[in-house]
Amino acid sequence: MRAPGGLSLRLDARALAVVAALLLAALTASVLLIGTGDFPISAGDVLRTLVGGGDRGQEFIVRELRLPRVLVGLLVGASLGLAGALFQSVTRNPLGSPDVLGLSAGATAGALVMIVLFSGSAAAVTGGALVGGLATGLAIYLLAWKQGVHGYRLVLVGIGVSAVVTAVNGYLITKADFVDAARAVVWMTGSLNGRDWTQVWPLLALFAVLLPLVLSQARGLRMLEMGDDVSYALGVRVERVRLVLMVSAVLLTAAATAACGPVTFVALTAPQLARRLTRSPGPNLVPSLCMGATLLVTADWAAQRLFGADQLPVGVVTGVLGGLYLLWLLVTERRAGRI
């Protein structure tokens, strides 16, 4: 597709169909999730309420209590899916995700410092998670730098940093009093409970800024997947593109973790599932963010509906499913001779 001014855009029919299907699935799961709770609301009533046709009780439940939670889930899932696609493309490794590289653990460390050492408010915990994620990302980048950043070196350094930060998190928990320790453990599980509009707007603003920035670097990212030498030959400013994309991915991960805690494995699984559905060798940025949003809201719906009276945090469900997926991925990569 060619646009005025000499711009061109390549559209893949299968990828477009996958994106449309994922958006429909995410919207369907969102409507079902909004209708789920102690006061169940049918899907038809949810839709009528969203367009202003519900009664006062439904308006309050849908717009003030449940809609913000669902929007946070969609934005967090989309942010993690996009961040995972960026890291896996930059490192050229299916294990290159914020969970494996230690960014989620770094954001968790920042939040724990505010909870355990300062008994900080919710806003302070959010700020601590952002600072912790950014500091961890900077440390990984500097430690992995050696005349450039190589993908496998970045993964190995990230695994090492993740182990260190995880140990620090365990130490912080042991030094906390009972109340702060219980609060920290609940936050570390990853949950959408109690999320309101104060978490929606910062996530939405950050996503609105970073998504166009990332998409503007999509061509350079595609070239990077062919190797640094080929990218240099094609005129790509390799380190600049890599730095912009990594900073964007770190910000997306830190913001998502700050909003609802470390929801694991979404960033790892979403890009791989999207790639298998689209059958496209590219970075699959838009399909990955749509897959991440779909996975998270579906997991939250399952956490509320599939375990009877016990409602699990969404991080528990994604952790179980993601752990099984990781085992399958490792077996597949080993059989293919890539690890």
Side-chain angles (χ1 to χ4, degrees), residues 76 79-80 82-118 120 124-176 184 187-188 190 206 209-210 213-214 217 221 224 228 237-268 271:
V76 166
S79 299
L80 292 176
L82 183 56
L86 291 174
F87 275 118
Q88 290 179 17
S89 295
V90 168
T91 61
R92 300 196 294 276
N93 191 320
L95 297 179
S97 78
D99 303 322
V100 177
L101 296 180
L103 295 175
S104 298
T108 301
L112 287 180
V113 168
M114 300 307 300
I115 293 174
V116 174
L117 301 183
F118 300 102
V125 172
T126 299
L130 286 170
V131 173
L134 290 172
T136 304
L138 178 61
I140 293 172
Y141 188 84
L142 293 177
L143 290 172
W145 176 269
K146 186 179 181 182
Q147 297 179 345
V149 176
H150 189 273
Y152 282 97
R153 185 164 63 242
L154 187 69
V155 172
L156 291 175
V157 170
I159 292 173
V161 171
S162 177
V164 173
V165 177
T166 300
V168 172
N169 292 344
Y171 172 77
L172 289 172
I173 291 293
T174 62
K175 302 303 289 185
W187 189 89
M188 291 173 62
L206 183 67
V209 171
L210 292 181
L213 176 63
V214 169
Q217 303 295 321
L221 180 60
L224 284 179
D228 289 2
R237 302 178 68 175
V238 173
E239 291 305 327
R240 177 181 177 182
V241 171
R242 183 180 284 132
L243 180 60
V244 169
L245 294 175
M246 287 185 62
V247 170
S248 299
V250 170
L251 285 172
L252 288 168
T253 303
T257 306
C260 63
V263 179
T264 56
F265 289 112
V266 173
L268 176 69

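Bear in mind the structure is a predicted one, so any value in this text is a computation, not a measurement.
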Minimum heavy-atom separation for G84 and P271, please, with both atom names. C-CG, 3.5 Å
Does any part of the side chain of L101, heavy atoms only, come nearer than 4.5 Å to the side chain of I159, both counted from C-beta? no
Report the C-alpha distance between I140 and T136 in whole Å, list the side-chain angles of each, state the deciding distance to 0.1 Å, and finish with yes or no for side-chain contact (heavy atoms from CB on, under 4.5 Å). CA-CA 6 Å; I140 293 172; T136 304; 4.0 Å; yes
So V100 and F87, do their side chains get closer than 4.5 Å, heavy atoms only? no
Counting N and O atoms only, with roles assigned by atom type, does the side chain of Q88 sit under 3.5 Å from a partner on the main chain of S97, one being a donor and the other an acceptor? no
Distance col, row R242:CZ vs L86:CG, nearest 0.5 angstrom, shows 13.0 Å
Could you tabulate the donor-acceptor pairs under 3.5 Å formed by side-chain atoms of residues 243-258, not counting sequence neighbours?
from, atom 1, to, atom 2, distance (Å)
S248, OG, V244, O, 2.9
T253, OG1, A249, O, 2.9
T257, OG1, T253, O, 2.8

CD1-OG1 distance between I115 and T108, expressed to the nearest 0.5 angstrom: 9.5 Å
Report the distance from atom CG of N169 to atom CG of L112, rounding to the nearest 0.5 Å. 5.0 Å
Mind running side-chain contact (heavy atoms from CB on, under 4.5 Å) on L154 and N93 for me, showing each step along the way? CA-CA 10 Å; L154 187 69; N93 191 320; over 6 Å; no
